[in-house]
Amino acid sequence: MVNDSDTLISLKQLLEEFYGIGTSNVRKREIETLLSDFGRQRHAWKQCFYFMSHSDNQYIWMFCLTNVIETVITQRWISLESNERAELRSFLYNAAVSPDSTIPLFIRNKLIKLMCIIAKFDWPHFYPDFFVNIINLIQSRTTTKVGLLILKTASEELITLKEDISASRKEELQRLFQAHLPQVFTILTAVLESSNNNEDTCELALETCAHLFSWAPLGPHFTPSLLQIVFNFTSDRGDLGAVALSALNEILYKNCVPVTSLPLILWLCEQACHLLQNLVKIENSSCSYNFSLKFIDLIKQVIVTHWHRVESSPNFPAKEFLLAFLRFTFQQTHVEFYYDCLDTWCSFLDYLQLQDCDHILEYGTILLKLVRDLLVYLNQEKELSNDSLNQDEESPKQEFVRLTVGVIEKVCDVLPSQEEVCSMVYEQWQSACAIYTNVLSSNANPQTIQEKDLASLCLILSKLHPYLKPTPAQTSIISTLVHLASTSTQLKLYSDPSYSSYKYFSSTLLRIHCELFASLHTWLSQNSELDEAVYQKALSSCLEYVLPPQSEPRFTPITLQRAAAHLFSCLAYKPHLLPLCFQPLVDNLALTHLDPKARLVVHATLFKCILALQNISFNERLNILTNFFGTLVKVETLSHLTSLLECCKPDKQAEKKLLYAALQPILAKIITEFHQQLSQNSNVCVDMLALFLEAFKSLHDQMGSSFTSEAITTLMDCYNGSNITIGIDKLLQLLMFIVELPSSAFKHFVPCCINLCMQLLLPDNGTHVNPDIKAPLFQLVFSILLHKWQYFYQNSLYDAQVPVDKVDSLKKVLTAVGMSLMESDVTLFAENLKSLEVINEKWKLYSRDFFKSNFLDCFLNVLLNILIQKSHSLLIDDIITAIFNLSSVNFDIFFSHFIPVFLESIEGLDDNQRRSLRQNMRTDTDLPSFSVNISRFISDICRYLIFNDARAPS
């Protein structure tokens, strides 16, 4: 018989082999099987005591604790005898508090966690000394740290609970722990006050405070002495101070503050103000990254969560606080901290926006200083790159400008009068324009443009254009912008090689040039009373980038192309400018020199112009538009034409008629060639369907039912009986759009849509549904119910019967709806559940006899099982609401009939547990109580299922 000593040797060899570099995956799986077989033995955990007592190998300790003992505690605890439980508790406690300094911290943490998991089940009834031990350990100088570790872990494990204990036990643990808080906080105060404790002990004590503060309700246990000592640690600007700030933040996160705790919140905010005022006095502050991060969060909580509580207090210097925070904002050396400060200012401005004018004006001087300082800071920033782009195609410099400008714009929205803000911006802008003018005239060193950020100032001025009055001021601004843009276009200094030696100069010039075009787009689109020459000069400037002369190089920076294209789109609609821009573009329609996005903007502009032409006949416009589409189809993909239709939806019937007449040959060709393309060129096939779909959305009235029916029938015939799924998502979207039309002209497509959906959901060959088509497939199913309800029910009476010839169709649709609730994709499931609730709200689906007889119990089963499986935890509230709505059809039947049947269907419960669950199920019929009761019901089921496999010995 193999003894424990030999087993220990074998275990060590296996673990070292498993973690060895040269061990193959096949051998690792063999070892895993051997170790798993050992762990399942009834008394393997007792052998683990021997292993850990006779070995200091970390692999052995972690295997014993994680793979064997933790499994016993979490899955088989109730099957152990009382003396065995006591033995386990004793071993873990002695090992955890052992003074042996060779035990690694991660192993000690694991021992402590297992102790706390046991306490979750046994304290105080079968583990009465659990909390007593913690207190004694903390109060003993030699074991203070381990005591703090256990206390912190107990707070984490006993309060932040999983579904392995009942709801009533959760409440009991919170109540028990809360009763000990006064004693715990008193002891923590003593630990933090003790000069004998080192920094590590103090940091651990503060971390423990932070977790306790995160859940402990506000009350007298938050003693002034404890909070004062915690605040004293913020004098340390390193990690110790950061942990202290974390603890204080946990208190300030609490939004619900009883009247008795208001003095506590006010005191904390006052201390935050003093700390802020001290920090801004320190030049080149040596605050650590974590300290700054936590301190900014502290300031944010004062302003966002508690400002309405403290601003009127005579003891809280509100304006001094904001002025100090203003100074602090511009002292940040990390740009992300600057952004966090801006976010806090935005929250403060949101608060002010809800106040009356007098209240806002109390802070008027501070807000104006904020704008002034932001303008200065905007001009000073030189380091951020304008080249690299993030996923939103935004450079660090652009992000900086956008967020800064956003605050200035928000101040304008909040202040009752914007004149002073506009005046400040306008003066800065004029100064920057003067510097740039000198650069353009070669009278100044090009580096002088760095003194004022003209591009950003142009952006701000454009944002403030609604507030800039009177019109003469606007006219002056536009004239200046046109002059600078025109001169910039003529000189193209950004491409001058003689300036390449100046750092950032070329990119700065390019950014200014783009922003001049963008600003002109804003100002000219809002002003139609300017002199014609102003518009023509602006147009000629941007046309050089939209359609450069053949003799000039075609390369232009993409950002400038796009800015010019958007300005062109604004100018092209001016009647007196249309002849100047229309014919040159018609003659050179390809525009292949342009960036695709810029090209789309220009083509869309030309498209709209053709539709809007009034001085020529319908046939002439049709000829122009037909040639336009013909050229595009030759030089572009069909997707380009689809994009044009997406951004140029005509409103007038005459324009729709013209557009359809020009598109009809292309659409007819698509239908004719679709079947061939389906087997030869999948990309073209998808583009064909996308174009037809977009055309149908805008022009279905012009297409008529005859052409549409023929086209849809042809398209569906291409898929019927075929496994091809290429482009079928577009076909499903097209069918959904048809189903949603109020006209009855396409009613005959409903059974075809139902059959197609079921063919895709339940294919004969047993293949799974393509994930790419699930969303539009389920959308079509729900659209059939929502928009074609009368297909199944001729009237809306609850007791109306489904016609015999529609019973099968309705069963198929509701079966598909049921399948949609089995989706593992959380986002898709959420959409499906929302759609189901919308249908019930409109058509009272759950109350229909047909649904109650055939589907109600099935839907309830599916949703309750989803809660048990915890697969969609983010949607628990929505799922429970849906269960409530389903149950509300007849609560008596739900509680007396459905729940017992449902419990019988759950494998892994015994009769006593089912009886207990039924008896504990409360029958409240209001939504809040029902939600709580269902959550408890599910939690208790999960707890029983976790432990039931421990009843029989392994």
Query raised in the report: Is there side-chain contact between His513 and Thr489, with at least one heavy-atom pair below 4.5 Å?
Result: yes

**Report entry** Check: Asn681 side chain, Gln677 main-chain N or O, donor-acceptor pair, under 3.5 Å
**Finding:** no

Requested in this report: Using atom types as modelled and distance alone, determine if a side-chain donor or acceptor of Ser479 lies under 3.5 Å from a backbone N or O of Ser476.
Outcome: no

Report task. Step by step, work out the side chain to side chain donor-acceptor pair (under 3.5 Å) result for Gln653 and Gln702. Result -> CA-CA 9 Å; Gln653 289 301 315; Gln702 286 69 33; 2.9 Å; yes

Requested in this report: Quick one: sort the Phe674 and Tyr719 rings into parallel, tilted or perpendicular, breaks at 30° and 60°.
Outcome: tilted

**Report entry** Atom CD of Glu710: over 12 foreign heavy atoms under 6.0 Å
**Finding:** no

**Report entry** Heavy atoms of other groups near His675 NE2, more than 12 under 6.0 Å
**Finding:** no

Requested in this report: Over all heavy atoms of both residues, which pair between Phe517 and Cys542 is shortest? Give the atoms and the distance, please.
Outcome: CZ-CA, 4.0 Å

Query raised in the report: Can you tell me how far CG of Leu481 sits from CG of Leu524, rounded to the nearest 0.5 angstrom?
Result: 8.5 Å

Query raised in the report: Between Glu740 and Met736, is any pair of side-chain heavy atoms under 4.5 Å apart?
Result: yes

Query raised in the report: Do the side chain of Ser698 and the main chain of Ala695 share a donor and acceptor less than 3.5 angstrom apart?
Result: no

Query raised in the report: Does the side chain of Gln779 pick up a donor-acceptor pair with the side chain of Gln733 at under 3.5 Å?
Result: no

Query raised in the report: For the residue pair Lys463 and Val405, what are the closest heavy atoms and their distance?
Result: CG-CG1, 3.9 Å

Query raised in the report: Are any non-hydrogen side-chain atoms of Leu567 and Val546 less than 4.5 angstrom apart?
Result: no

**Report entry** Spacing of Ile726 atom CD1 and Cys718 atom SG [to the nearest 0.5 Å]
**Finding:** 12.0 Å

Report task. Check the angle between the aromatic planes of Tyr494 and Tyr545 and answer parallel, tilted or perpendicular using the 30° and 60° thresholds. Result -> tilted

Query - Distance in Å, Ile738 CD1 paired with Ser705 OG, rounded so as to fall on 0.5 Å steps - result: 11.0 Å

Query raised in the report: Should we say atom NZ of Lys649 is surrounded by more than 12 heavy atoms from elsewhere, each under 6.0 Å from it?
Result: yes

Query raised in the report: Which residue pairs pass the salt bridge (charged side-chain N to carboxylate O under 4.0 Å, His left out) test with at least one member in residues 772-789, sequence neighbours excluded?
Result: Lys774-Glu823

Requested in this report: Examine distances only and state if a side-chain atom of Gln418 and a backbone atom of Cys412 form a donor-acceptor pair shorter than 3.5 Å.
Outcome: yes

**Report entry** Exceeds 12 heavy-atom contacts within 6.0 angstrom, atom NZ of Lys842
**Finding:** yes

Query raised in the report: Going by the angle between their ring planes, with limits at 30° and 60°, are Phe400 and Tyr339 parallel, tilted or perpendicular?
Result: tilted

Requested in this report: With rounding to the nearest 0.5 Å, note down the distance linking NZ in Lys697 to CG in Leu741.
Outcome: 12.0 Å

Report summary line: Applied to residues 616-637, the salt bridge (charged side-chain N to carboxylate O under 4.0 Å, His left out) test, sequence neighbours excluded, yields Arg599-Glu636

Query raised in the report: Are any of the side-chain heavy atoms of Trp429 and Leu464 separated by less than 4.5 Å?
Result: no

Query - Contact check, side chains of Gln474 and His465, non-hydrogen atoms, under 4.5 Å - result: no

Report task. Can you measure from CG (Asp595) to OG1 (Thr556) and round to the nearest 0.5 angstrom? Result -> 11.0 Å

Requested in this report: Would you kindly say whether Ser486 and Ser541 are connected by a side-chain donor-acceptor distance under 3.5 Å?
Outcome: no

Report task. Measure the shortest side-chain to side-chain distance between Ser488 and Leu493 over non-hydrogen atoms and say whether it is less than 4.5 angstrom. Result -> no

Query raised in the report: Side chains of Arg511 and Ser456: do they bring a donor and an acceptor to under 3.5 Å?
Result: yes

Query raised in the report: Given the rule in the side-chain contact (heavy atoms from CB on, under 4.5 Å) test, do Asp717 and Thr713 qualify, once you have shown the distances and angles that lead to the verdict?
Result: CA-CA 6 Å; Asp717 286 344; Thr713 302; 3.7 Å; yes

Query raised in the report: Is the gap between the ring centers of Phe607 and Phe629 under 6.0 Å?
Result: yes

Query raised in the report: Is there side-chain contact between Asn832 and Leu836, with heavy atoms separated by less than 4.5 Å?
Result: no

Requested in this report: For the residue pair Thr480 and Thr437, establish whether any side-chain heavy-atom pair is separated by less than 4.5 Å.
Outcome: no

Query raised in the report: What do the steps show when you test Asp701 against Tyr660 for side-chain contact (heavy atoms from CB on, under 4.5 Å), and what is the final call?
Result: CA-CA 10 Å; Asp701 289 337; Tyr660 178 63; over 6 Å; no

Query - Distance, nearest 0.5 Å, that separates CG of Leu735 from CD1 of Ile754 - result: 12.0 Å

Query raised in the report: Under 6.0 Å from the NZ atom of Lys656, do we count more than 12 heavy atoms belonging to anything else shown?
Result: yes

Query - With Phe696 via ring pair (Phe, Tyr, Trp, His ring centres under 6.0 Å) - residues at least two apart - result: His700, Phe737

